[in-house]
Protein chains: 2
Amino acid sequence: MIKIALDLTDRSIILHTMNAEHDTRTRILSTARELFHGRSYADVGIKEICDLAKVQKGSFYHFFPSKQDLAMAVIDDMADDWAHGFVAEAFDQNLPPLERLDYMIDAAYYWQKAAKDIDGRMPGCLFGNLALEISTRDDVLRAKLNAVFDKASKRFHEALDQAVELGEIPPLDSEATAAAMLAFLEGIILLAKTRNNPEVIRDLGPAIKTLRIELAHPN
Amino acid sequence: MIKIALDLTDRSIILHTMNAEHDTRTRILSTARELFHGRSYADVGIKEICDLAKVQKGSFYHFFPSKQDLAMAVIDDMADDWAHGFVAEAFDQNLPPLERLDYMIDAAYYWQKAAKDIDGRMPGCLFGNLALEISTRDDVLRAKLNAVFDKASKRFHEALDQAVELGEIPPLDSEATAAAMLAFLEGIILLAKTRNNPEVIRDLGPAIKTLRIELAHPN
DNA sequence: CTTCACGTTGACCGACCGGTCATCTATGAA
DNA sequence: TTCATAGATGACCGGTCGGTCAACGTGAAG
């Protein structure tokens with residue numbers, strides 16, 4: 001009974017305050033995400049986020065207890081969009097497994113290219129950026145980024161297993177190879193960002209299909 | 001005559017003040033390098049560098065006009081050590097070309113492992129860290145990091161060309177493949193740092209030899 | 001003995017950092 | 001009408017940021 005009452009209360013609150021709360025929180029989240037992605041975690045201050053999101057500082061701390069919590073939410077938010085966005089497309093089960101790799105590279109390329117066309121700079125991968133910047137300082141955020149990478153790695157793993165099953169490629173250590181592919185993807189985005197040239201992704205990306213780690217015990 | 005006089009003056013200054021000037025500047029440089037590498041550019045303040053290096057803030061600004069100039073010097077310093085250190089070893093001309101790749105991966109692994117054994121955290125690659133953190137904000141530093149990557153890429157390029165010449169591998173686009181290998185190296189270091197586990201380098205590293213980009217016009 | 005430049009010292013600057021808080025408003029429930 | 005709660009407001013906090021500066025010590029050159 002208590003539970004039902006609570007549920008009803010919660011629901012009505014959600015329904016009635018969605019526009020207000022949801023909007024403010026969402027505005028903070030998307031602004032922070034954009035700024036973190038385009039610059040860096042440490043370089044973006046809460047004041048700047050609040051100004052751009054047209055939110056008062058006190059309001060910010062009503063929704064996020066700390067900057068770290070904001071970062072967590074940003075990662076979750078981006079991971080969701082990512083998973084339901086071009087990752088879901090690229091790793092579409094209807095596509096032949098190996099084509100998914102090409103699709104992934106293409107998606108990364110067009111994304112970065114579009115971003116650069118807009119403001120002249122390649123933002124790179126938000127996860128990679130954050131990982132290198134804060135994983136030595138914040139184990140909680142590092143663990144979260146780790147989980148995101150693990151999830152991405154699983155997509156590669158799945159595709160590789162299916163490719164093997166279909167006889168498109170010889171058997172291999174699909175888990176390790178999947179991780180290697182993810183690493184390669186992050187690496188070419190890193191290099192492309194350093195050169196500020198999205199074409200690097202296009203030029204080097206196709207090599208992802210040549211990556212291969214043999215099974216440890218192929219007996 | 002003037003030139004000779006100046007040269008003599010300079011030399012005497014260098015000789016006499018080496019201990020004082022050189023020592024202070026070097027202390028700042030190596031402290032900054034260590035801190036930047038272990039944390040991040042934005043997260044390390046000049047005050048902290050000065051305290052650890054036992055240098056007064058005014059002295060710091062006597063040697064480095066700004067934090068950006070310090071970063072430039074740090075990159076140069078690290079690039080030098082790097083080029084004359086294990087990169088020179090790994091890409092030893094006496095080693096068979098393909099073995100140099102294994103050597104490079106090994107060196108990266110042991111380096112990161114040693115660092116982690118000391119303070120529990122994998123610092124990753126200073127260049128990669130800085131590249132992702134500041135290349136959207138500082139084109140001068142980005143260009144410098146770019147040059148470092150280019151130089152590293154040339155080592156791979158050279159090794160690949162020699163491997164082709166020796167008939168160890170079929171002809172390929174050695175320049176693009178070299179860049180892909182560098183990207184892969186940075187990528188596995190990124191992933192290893194995120195997992196805080198140097199073994200990732202060891203596990204995925206050997207796949208670097210499987211990377212391959214075909215010649216565009218193999219006619 | 002003077003001059004001059006290098007290096008050093010530490011106080012100081014305004015701006016900004018992440019974060020707090022008392023206060024007010026809006027809204028739905030009882 | 002009263003009450004509780006979510007949310008908004010903006011002043012405020014101590015601390016730190018990158019950077020400046022006038023004063024001083026030192027040692028070699030003239």
Side-chain angles (χ1 to χ4, degrees), chain A residues 2 4-29 32 35-36 39-74 134 137-138 141, chain B residues 2 4-29 32 35-36 39-74 134 137-138 141:
Chain A
I2 292 176
I4 292 175
L6 282 174
D7 279 344
L8 286 173
T9 310
D10 284 351
R11 185 160 309 174
S12 64
I13 286 177
I14 288 171
L15 285 174
H16 287 107
T17 59
M18 176 122 62
N19 285 340
E21 168 185 356
H22 197 75
D23 189 59
T24 300
R25 210 189 110 99
T26 300
R27 230 162 47 231
I28 295 171
L29 215 46
L35 292 177
F36 286 161
R39 306 232 292 282
S40 77
Y41 177 68
D43 192 56
V44 175
I46 287 168
K47 169 106 180 334
E48 185 180 1
I49 295 170
C50 290
D51 288 350
L52 279 185
K54 267 145 183 93
V55 166
Q56 236 59 31
K57 208 174 200 182
S59 267
F60 174 92
Y61 279 98
H62 176 74
F63 291 103
F64 302 97
S66 71
K67 196 185 180 185
Q68 186 202 16
D69 287 270
L70 171 65
M72 304 267 274
V74 165
I134 53 186
R137 287 202 315 140
D138 190 319
L141 286 174
Chain B
I2 292 174
I4 292 174
L6 282 174
D7 279 344
L8 285 173
T9 309
D10 284 352
R11 185 161 306 173
S12 65
I13 286 176
I14 289 170
L15 285 174
H16 287 106
T17 59
M18 176 124 61
N19 285 339
E21 168 186 354
H22 197 76
D23 190 58
T24 299
R25 210 189 110 100
T26 300
R27 230 161 48 230
I28 294 171
L29 215 45
L35 291 177
F36 286 159
R39 307 233 290 283
S40 76
Y41 177 69
D43 191 55
V44 175
I46 287 167
K47 169 110 182 329
E48 184 179 1
I49 295 170
C50 289
D51 287 351
L52 280 184
K54 265 140 186 99
V55 165
Q56 235 58 32
K57 209 175 201 181
S59 267
F60 174 92
Y61 279 97
H62 176 74
F63 292 104
F64 303 98
S66 71
K67 197 186 181 185
Q68 186 202 6
D69 287 271
L70 171 66
M72 303 268 272
V74 165
I134 53 186
R137 304 214 45 223
D138 190 320
L141 287 174

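So that the names make sense, note that chain A is the first sequence line, chain B the second, and so on, each numbered from 1. Note that these values count all heavy atoms, side chains included, but never hydrogens, waters or copies made by symmetry.
- For the side chain to side chain contact (heavy atoms under 4.5 Å, CB included) test with Leu29(B), the passing option among Ile49(B), Thr24(B), Val74(B) is Val74(B); the others fail.
- In the set dG10(D), dA8(D), dG19(D), dG10(D) carries the atom at the smallest distance from any side-chain atom of Gln56(A).
- At whole-Å resolution of the value, OH in Tyr41(B) and C1' in dC17(D) are 12 Å apart.
- Rounded to whole angstrom, the span from the CG atom of Asp23(B) across to the P atom of dC6(C) amounts to 19 Å.
- Considering only side-chain atoms of Lys67(B), the nucleotide from dG19(C), dG18(D), dT9(D) that sits closest is dG18(D).
- Note: Phe60(A) CZ to Phe63(A) CZ = 11.0 Å, rounded to the nearest 0.5 Å.
- Straight-line distance from the NZ atom of Lys54(A) to the P atom of dA8(D): 15 Å, rounded to whole Å.
- Here the nucleotide nearest the side chain of Lys47(B), chosen from dC17(D), dA8(D), dT8(C), is dC17(D).
- The CZ-P distance, from Arg25(A) to dA6(D), rounds to 15 Å in whole Å.
- For dA8(D), one of the phosphate oxygens OP1 or OP2 lies less than 4.0 angstrom from a side-chain nitrogen or oxygen of Thr24(A).
- Cation-pi contact between Lys67(B) and Tyr41(B): present, with separation from the ring centre below 6.0 Å and deviation from the ring axis of at most 45°.
- Taking atom CZ of Phe60(A) as the reference point, atom P of dT20(C) lies 11 Å away to the nearest angstrom.
- Looking at which nucleotide of DNA chain C each of Lys57(B) and Asp43(A) is closest to, the 5′-most match is held by Lys57(B).
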* Derivation and outcome, side chain to side chain contact (heavy atoms under 4.5 Å, CB included), residues Met72(A) and Phe64(A) -> CA-CA 10 Å; Met72(A) 304 267 274; Phe64(A) 302 97; over 6 Å; no
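- Across dT8(C), dA8(D), dG19(C), the shortest atom-to-atom separation from the side chain of His62(B) is found for dT8(C).
- Checked against dG19(C), dG18(D), dA8(D), the side chain of Tyr61(A) finds its nearest nucleotide in dG19(C).
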* Report the C-alpha separation of Ile28(A) and Arg25(A) in whole Å, then their side-chain angles, then the decisive distance to 0.1 Å, and conclude whether the side chain to side chain contact (heavy atoms under 4.5 Å, CB included) test is met. => CA-CA 5 Å; Ile28(A) 295 171; Arg25(A) 210 189 110 99; 5.7 Å; no
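- As a whole-Å value, the separation of Ile46(B) CD1 from dG15(D) C1' is 17 Å.
- Among the atoms of the strands shown, only primed sugar atoms or phosphate atoms (P, OP1, OP2) are found under 4.0 Å from some heavy atom of Gly45(B).
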